Amino acid sequence: MDPPTLARLLAWHPQPIPLEPAACVLALVIYTVGVWRLRRRGDKWPLHRTLAWTAGVLSIAAVTCTGAGGYGMELFSVHMVQHMVLSMLSPILLLLGAPFTLALRALPSAPRGRTGPREVLIRLLHSRLARIVSSPLFTLPLFIASLYGLYFTPLFDAAMGSWLGHEWMLAHFLATGLLFFWPIMGVDPAPRRPSHVMRMLELFIGMPFHAFFGIAVMMSSTLIVGFFAHPPAAWHLSPLADQNTGGGIAWAFSEVPTILVLLALLVSWAASERRAAARADRQADRDHDAELTAYNAYLTRLAAREDLG
């Protein structure tokens, strides 16, 4: 019941049922085992992938296993920090860790005629369900509905009325962000592989809706949800002012994923161009630059026709 401070928000404070701490530890352990298996057989795994995954898991723990998790049940602004981190920051960091790629490299292939975890994962990544949930026709409406459909309908108050509903909401934020950014990041295998330009377009289509949501919350003259209508009286906080603060957090946070994803896309684009150039050079070495020779012969024929004309 003490008013929130930075120290109290960041202090270790797991819920009575420590679901989030257990999930975070499990995620770190499984990833570490995958990296260890690769290194044991002599394969390398990029350090920055491991650091990104670790940062993603720690960002989840920072808003669910600390005081932020408790104060998020009392203040709209703290809840909005949870929402933004889980849906906009943690997914990007986790996807930069390339967990599917690590799993496909670390899991052993099953004997012929049998199906193991690796084969199941490959089937899932190439399944019709994966194509549907990675399509912008699915991810964009889901991303938008998770904002407007949740906060501007009775669904939010209904979910916050029980422990299970609140846990579902937190999982929904993370899952929505992962589905939205998965095809855009293009790090892990996916059923569809859009060009870098199309990925940027998908990003720029979704972000304005997020910014408009924050502005709408900031400018609202009434409470949009009833759950946070009565903060502890000793805190002397206005629920409407706190809601406006939460709207400002949502609006400002829309810049964070845009910058991170654009940087990742530019790095990926540059690496893709280097690989394409290297492949072209190797092909030229193998066929003694036959493509360039054929092109020069074509220009020579054109010049000869012009001379004859």
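Since the model is a prediction, treat every value here as computed from it, not as a measurement. FYI, the numbering just counts along the sequence from 1.
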Less than 6.0 angstrom separating the ring centers of [X] and [Y], yes or no?
X    : Y    : value
Y71  : W235 : yes
H79  : F156 : yes
F209 : F143 : no

By the salt bridge (Lys or Arg N to Asp or Glu O under 4.0 Å) test, which pairs, at least two apart or in different chains, include something from residues 16-43?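 Every salt bridge (Lys or Arg N to Asp or Glu O under 4.0 Å) pair that includes a residue of residues 16-43, provided the two are not neighbours, is R41-D43.
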
For residues [X] and [Y], determine if any side-chain heavy atom of one lies less than 4.5 Å from a side-chain heavy atom of the other.
X    : Y    : answer
F173 : Q82  : no
W45  : R105 : yes
M84  : L89  : no
M198 : L203 : no
P239 : F228 : no
F180 : F138 : no
W182 : T139 : no

Compare every heavy atom of [Y] with every heavy atom of [X], then report the nearest pair and how far apart it is.
X    : Y    : result
P189 : L104 : CG-CD1, 3.9 Å
A110 : T115 : CB-C, 4.0 Å
S162 : G165 : OG-N, 3.0 Å
L178 : L95  : O-CD1, 3.9 Å
P91  : G177 : CB-C, 3.5 Å
E167 : L19  : OE1-CD2, 3.7 Å

Taking a hydrophobic cluster as the set of Ile, Leu, Val, Met, Phe, Trp and Tyr residues connected by side-chain heavy atoms closer than 4.5 Å, whether directly or through intermediates, do [X] and [Y] fall within one such cluster?
X    : Y    : result
W168 : M80  : yes
I205 : I144 : yes
L75  : V225 : no
V63  : L28  : yes

List in chain and number order the residues that pass side-chain hydrogen bond (donor to acceptor under 3.5 Å, both in side chains) with S59, two or more places apart in sequence or in another chain; answer none if no residue qualifies.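 Partners of S59 by the side-chain hydrogen bond (donor to acceptor under 3.5 Å, both in side chains) criterion, ordered by chain and then number, come out as S90.
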
Please list, chain by chain and in numerical order, all residues satisfying side-chain contact (heavy atoms from CB on, under 4.5 Å) with N244, sequence neighbours excluded.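 Result, side-chain contact (heavy atoms from CB on, under 4.5 Å) vs N244: L240.
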
Counting only heavy atoms not in F212 (residues, nucleotides, ligands), do more than 12 fall under 6.0 Å from its CZ?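 Atom CZ in F212 is not packed in, count stays at 12 or less.
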
Parallel, tilted or perpendicular: rings of Y31 and W53 (30°, 60°):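 Judged by the thresholds at 30° and 60°, the geometry between W53 and Y31 is parallel.
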
With no hydrogens and no angle check, just 3.5 Å: does a side-chain donor-acceptor pair link H83 and Y151?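 Indeed, the side chains of H83 and Y151 share at least one donor-acceptor pair under 3.5 Å.
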
